[in-house]
Amino acid sequence: MRNWLNTLFIIVFLVVAFIVVQNIWTGEESRLKKTLRSMERAVEHRDIVGCMWHIASDYSDDLGMDYQGVAFFLKSIFETYNNISVHIKDMKIDVRDNRSVVSFVADIRATGGPQYEAGDSRFNVSLRKEGSVWKVFRAEIEEK
């Protein structure tokens with residue numbers, strides 16, 4: 001019985017140590033990638049609150065949208081389409097202190113409504129760290 005408890009203690013200790021080490025040595029690039037993946041999943045799950053969690057209150061873009069405009073746009077898209085898929089690739093990250101610019105190609109497709117395939121579009125997204133959370137405050141789509 002004592003060997004079993006020692007083994008259990010060692011396993012629990014190793015799991016806790018792994019989690020602590022992973023959080024300490026996780027760099028900002030990794031955190032930014034997790035943020036973008038979280039946004040990608042939120043869009044695919046049609047989760048407006050999950051999407052907006054990652055948007056700064058002073059957000060702006062080339063289309064003239066602000067925070068409320070993004071929320072309205074997402075609501076409209078989620079009501080129009082049943083299935084939305086987003087695939088992010090070719091990501092380049094430039095981190096400077098509490099600000100970052102992330103450039104990536106997103107393949108966006110929507111079905112279950114009027115057929116829509118954006119194809120590959122390159123985005124430049126500016127984020128800033130608010131507390132311990134990265135928030136998008138500016139987004140641009142590069143012309144093809």
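Below, all heavy atoms of this structure are taken into account, side chains as well, without hydrogens, waters or symmetry copies.
- Between Ala42 and Gly50 the shortest heavy-atom distance is CB-C, 3.8 Å.
- Nearest approach of Val86 to Glu40, heavy atoms of both residues: O-OE2, 2.6 Å.
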**Asked** Is there a side chain to side chain contact (heavy atoms under 4.5 Å, CB included) between Ile108 and Ser121 once you walk through the steps?
**Response** CA-CA 8 Å; Ile108 304 168; Ser121 298; 5.8 Å; no
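- Here the NZ atom belonging to Lys75 is positioned 12.0 Å from the CZ atom belonging to Arg46, to the nearest 0.5 angstrom.
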**Message:** Please determine whether salt bridge (charged side-chain N to carboxylate O under 4.0 Å, His left out) holds for the pair Asp94 and Lys92, giving the CA-CA distance in whole Å, both sets of side-chain angles, and the decisive distance to 0.1 Å.
**Reply:** CA-CA 7 Å; Asp94 180 24; Lys92 296 177 182 113; over 6 Å; no
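- Judged purely by atom type and a 3.5 angstrom limit, Thr80 uses its side chain to pair as donor or acceptor with the backbone of Ser76.
- Note on Phe72 and Leu63: separate hydrophobic clusters, where clusters join Ile, Leu, Val, Met, Phe, Trp and Tyr whose side-chain heavy atoms are under 4.5 Å apart, directly or indirectly.
- Between atom OG of residue Ser103 and atom CG of residue Asp90 there is a gap of 7.0 Å, rounded to the nearest 0.5 Å.
- When ring centroids are compared, Phe104 and Phe123 come within the 6.0 Å threshold.
- Not counting sequence neighbours, the partners of Asp58 by the side-chain contact (heavy atoms from CB on, under 4.5 Å) test are Ala56, Arg128, Phe137.
- Counting heavy atoms of neighbouring residues, nucleotides and ligands inside a 6.0 Å radius, atom NZ of Lys129 exceeds 12 of them.
- When the side-chain contact (heavy atoms from CB on, under 4.5 Å) test is applied to Val133, the partners found at least two apart in sequence or on another chain are Trp53, Lys135.
- Under the rule for a side-chain contact (heavy atoms from CB on, under 4.5 Å), the partners of Thr35 that lie at least two apart in sequence or sit in another chain are Met39, His54, Leu127, Trp134.
- Residue Ile88 holds its CD1 atom at 5.0 Å from CG of Leu36, rounded to the nearest 0.5 Å.
- No side-chain donor-acceptor contact under 3.5 Å links Asp97 to the backbone of Arg99.
- A search for ring-ring contact (aromatic ring centres under 6.0 Å, His included) contacts involving Phe78 returns nothing, not counting sequence neighbours.
- Atom CG of Asp61 sits about 7.5 Å away from atom CD1 of Ile141, to the nearest 0.5 Å.
- Atom CG of Asn83 is separated from atom OG1 of Thr111 by 4.0 Å, given to the nearest 0.5 angstrom.
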**Message:** Walk me through whether Ile93 and Val95 qualify under side chain to side chain contact (heavy atoms under 4.5 Å, CB included).
**Reply:** CA-CA 6 Å; Ile93 300 173; Val95 181; 3.5 Å; yes
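- Judged as a side chain to side chain donor-acceptor pair (under 3.5 Å), and not counting sequence neighbours, the contacts of Ser60 are Arg138.
- For Ser85, the side-chain contact (heavy atoms from CB on, under 4.5 Å) partners are Glu44, Arg109, not counting sequence neighbours.
- Put simply, OG on Ser100 and CD on Glu29 are 8.0 Å apart, with the number rounded to the nearest 0.5 Å.
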**Prompt:** So Met52 and Leu74, side chain to side chain contact (heavy atoms under 4.5 Å, CB included) or not? Walk me through it.
**Reply:** CA-CA 9 Å; Met52 298 310 293; Leu74 288 172; 3.9 Å; yes
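- A side-chain contact (heavy atoms from CB on, under 4.5 Å) with Ser30 is found for one member of Glu28, Lys34, Lys33 and no other, namely Lys34.
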